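Every chain is numbered from 1 and lettered A, B, ... according to where its sequence line falls, protein lines coming before strand lines. The shown structure was predicted, so the numbers you read here are calculated from the model rather than taken from an experiment.
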Amino acid sequence: MFRRMVYAALIALCAAQARADLTVGIAHLQVAQPMPPTLSNLDPVPDDLGLAGALTGLSDNTTTGRFLGQAYTLESTVVGEGDDPLPAARALLANHRFLVLDAAPEVQLAIADMSEAQGALLFNASSGAAALRDGNCRANLLHTLPSDAMRTDALAQVLVQKRWTDLALISGTHPQDEAYAEALRRSLTKFGLRLKAEKTWAFDADMRRNAAQEVPLFTQDLGDYDALILADELHDFGRYVLYNTWQARPVVGSEGLTAVTWSPVIEQWGAAQLQSRFHEAHARDMQSEDYAAWAALRTIGEAVTRTGSDDPQVLRDYILSDAFELAGFKGRPLTYRRWNGQLRQPIAVAHPRALVAQAPLDGFLHRVNELDTLGLDAPESTCEAFK
Amino acid sequence: MKTTTALALILMMGAPALADEIWVTNEKDDTVSVIDTDTLEVIQTYATGERPRGITFSHDYSRVYICASDSDAVQVIDPATGEILHDLPSGEDPEQFVLHPDDVHLYIANEDDAITTVVNTQTRKVVAQIDVGVEPEGMAVSPDGKIAITTSETTNMAHWIDTGTQELFANTLVDSRPRHAEFTRDGSEMWVSSEIGGTLTVFDTATQTEKAKITFEIKGIHPDRVQPVGFEFTEGDSHVFVALGPSNHVAVVNARTYEVEDYILVGRRVWHMAFNSDRTRLFTTNGVSGDVTVIDVAGRKALKSIKVGRFPWGAAFRPTD
């Protein structure tokens, strides 16, 4: 069973301007993923995570489109955990040529490979998995969420700049934790940092009661290091490690100082406007998945605005061309990598109360675009589908 | 005799309000700094509402209007005393505005609401609200008063408002994140800066069509960081000085050939600017470094930095004699 919602243009159209010559239908598919229990319930995941960002993007597109005779609709489907997502995707693709995906990487691949998806334009707004940008890339699948590697490279640049060169790592056991830890190890090597000690979080006790006793002991044998990295992407144990380590050292990674797509503490570059627009509409802070879905909608909107077309191939060509640029409230134009369809973007390195840095940091040079110091660069990519 | 002369000189120097002033809004200090254009020092700091940004004077300079964005008001201040006289209704989150040549109507960009609000400063009433694109910011009005412009940052358009009907009559696309708009003094051209696009677009006012596009290139600075924001025409409209944001430079553009002639290094994240009375000196607000750079217009070089409040944003000139 799945839930369907259709959002027509939410904004009242001014009669004189509402000559919609072109209506662009966009679909959003959310495939529920199993959420393992975490030690704390302090930060529940919002039901509309991602979708809320898509709706804000729809609203932005609609406001712009009314001056150009262009209208946008968004149809959203939610597939419950354990249900087959392919029929839902098929139903959406029967009526829409643009599909924003909030699903596990293997589900995204299965959808991108469906015959109905050929000639359509899909956006990955939920997975940082390396393979989707590398050997398993698909020509019809663009990525608005940064890869894990873009985030860990951003963090590594900050570590280099701060000369926190000796690191220790504690990783969780979920696949997302392992993928993040793997990306971290690559980033540390890439930027010449040293991983001196590594442990796996294997407690099953409730850390709210005894973190103060357990974590000092657990971290005692890590030896000396400059910063402790946590790979805890589901936010299970990490929050209990801060201020409980044996050594007085900063905590970075999944908790503490984090490299993120988006954060409520970003207010520069006009971001305060997007934050307040989002908050007003959805009564909560904008998160990374919301930003990625917003960016997908805005990518479509920007391409439609500039080309006057709703043909997915025309739009794809434009999106991957030099002419395309998206103003994404990150201080520089956002563009797509032509070798794997990844949205190039600065990465915020922040703690919960403030932005600390924005990568790429000054001094990390690249022969083409400094943003490509983050994540998989063209020479490393084994993606063939974009050639 | 000699003593008398000396005394008279001292009196003149000590007398207030002889030199002209540049008023600068400090976005994150909720203040306005007043700079003496002769001594190049801050002579006054007045409190304002929350997050002051746009600033402009009435034609006789007896009133200063300030967008207090987070107070959702335009504040009217007596520049002689710094006293806040009253607020004008402004719509939500006023960011930038322009005073109509009739000296009565303010056209205000309401950044959060995709609206341009027209306020009568005498009756203190909202005359009209016009739907525009997402995040309106840049505001301009033609010298004959017939056209007002709003640029919208996320919609990437210049919206052309007929001030007779208060309705849009044209919407023209520009590059990403248009920030500021100005008409030439003869009204024949309308210029728009695009922060993320990195360009200035010149429109022919009569046809609302693009006439020229100006791009910038600064050695050693990635093009992504060259972000045009505020700009002003020099005396006689021969040149345009353009603030280039995080590239920390001001460009000098020839307004006839549309070619960039010079780049001047200023403070960090240069934003808006104002000239002194004869336009020989230009004062730029530098948001990140929290100062104002004084530029010698003829020599095209920075003369001095003046420390002001946190995140200086807008600037406006006030003659005092």
Side-chain angles (χ1 to χ4, degrees), chain A residues 11-18 56-57 59-70 267-281 294 298 301-302 305-308 323-335 344-346 358 360 362 365-366 368-371, chain B residues 27-28 51 69-70 92-93 95 109-115 129-137 150 152-160 165 167-179 194-199 220-227 229 245-247 269 287-288 311:
Chain A
I11 292 158
L13 289 175
C14 179
Q17 292 153 351
T56 296
S59 164
D60 287 357
N61 286 351
T62 301
T63 306
T64 300
R66 72 184 174 188
F67 300 109
L68 297 166
Q70 294 161 348
E267 55 176 345
Q268 274 179 283
W269 313 293
Q273 277 72 251
L274 179 61
Q275 305 275 25
S276 73
R277 209 156 63 232
F278 183 93
H279 205 283
E280 201 160 294
W294 174 86
R298 284 294 301 133
E302 181 65 18
T305 299
R306 301 290 174 183
T307 61
F324 179 85
E325 58 184 18
L326 183 65
F329 303 93
K330 290 189 168 205
R332 28 199 322 173
L334 311 187
T335 53
R344 228 183 232 120
Q345 56 194 294
Q358 197 200 33
D362 280 346
L365 303 177
H366 189 277
V368 183
N369 187 333
E370 290 150 32
L371 288 171
Chain B
E27 182 180 352
K28 299 217 168 167
R51 203 179 178 202
S69 302
D70 286 357
E92 227 177 289
D93 194 23
E95 173 164 9
N110 297 118
E111 191 168 37
D112 275 359
D113 277 0
I115 284 172
Q129 288 203 308
I130 304 147
D131 285 328
V132 292
V134 184
E135 291 171 41
E137 168 147 352
T150 299
S152 47
E153 292 173 325
T154 292
T155 293
N156 302 324
M157 282 182 189
H159 305 282
W160 302 66
T165 61
E167 278 174 14
L168 299 178
F169 68 92
N171 301 286
T172 46
L173 277 171
V174 292
D175 288 332
S176 287
R177 261 187 114 63
R179 280 284 193 171
S194 293
E195 182 187 19
I196 292 292
T199 57
I221 298 178
H222 193 277
D224 284 2
R225 303 187 83 111
V226 181
Q227 302 180 351
V229 200
S247 73
R269 202 174 194 233
V288 171
F311 283 82

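Contacts with chain A were tallied for B:Glu195, B:His222, B:Arg269, B:Glu95; B:His222 has the most, counting heavy-atom pairs under 4.5 Å. Note: B:Val132 leads B:Asp113, B:Asp175, B:Val132 in heavy-atom pairs under 4.5 Å with chain A. When each of B:Ile196, B:Asn156, B:Asp93 is checked for heavy-atom pairs under 4.5 Å with chain A, B:Ile196 comes out on top.
Between the side chain of A:Arg66 and the backbone N or O of B:Gly133, no donor-acceptor pair lies under 3.5 Å. Of the possible donor and acceptor atoms, one in the side chain of B:Gln227 sits under 3.5 Å from a partner among the backbone N and O of A:Gly331.
A heavy-atom distance below 4.5 Å is not found between the side chains of A:Gln273 and B:Val134. Here the side chains of A:Thr305 and B:Leu173 are in contact, with some heavy-atom distance below 4.5 Å. Within the 4.5 Å cutoff, the side chain of A:Arg277 has no heavy atoms near those of the B:Asp112 side chain. Residues B:Asp224 and A:Glu370 are not in side-chain contact: their nearest non-hydrogen atoms beyond the backbone lie 4.5 Å or more apart.
Of the two parts of A:Glu302, only the side chain, counted from C-beta on, holds a non-hydrogen atom closer than 4.5 Å to a non-hydrogen atom of chain B. Of the two parts of A:Asn369, the backbone and the side chain both hold a non-hydrogen atom closer than 4.5 Å to a non-hydrogen atom of chain B.
Distance check, rounded to the nearest 0.5 Å: CZ of A:Phe67 to CE of B:Met157 gives 6.5 Å.
For B:Arg177 against A:Trp269, the heavy-atom pair with the smallest separation is NH2-O, 4.0 Å.
The neighbour count for B:Arg225 CZ, taken as heavy atoms of other residues, nucleotides or ligands under 6.0 Å away, does not exceed 12.
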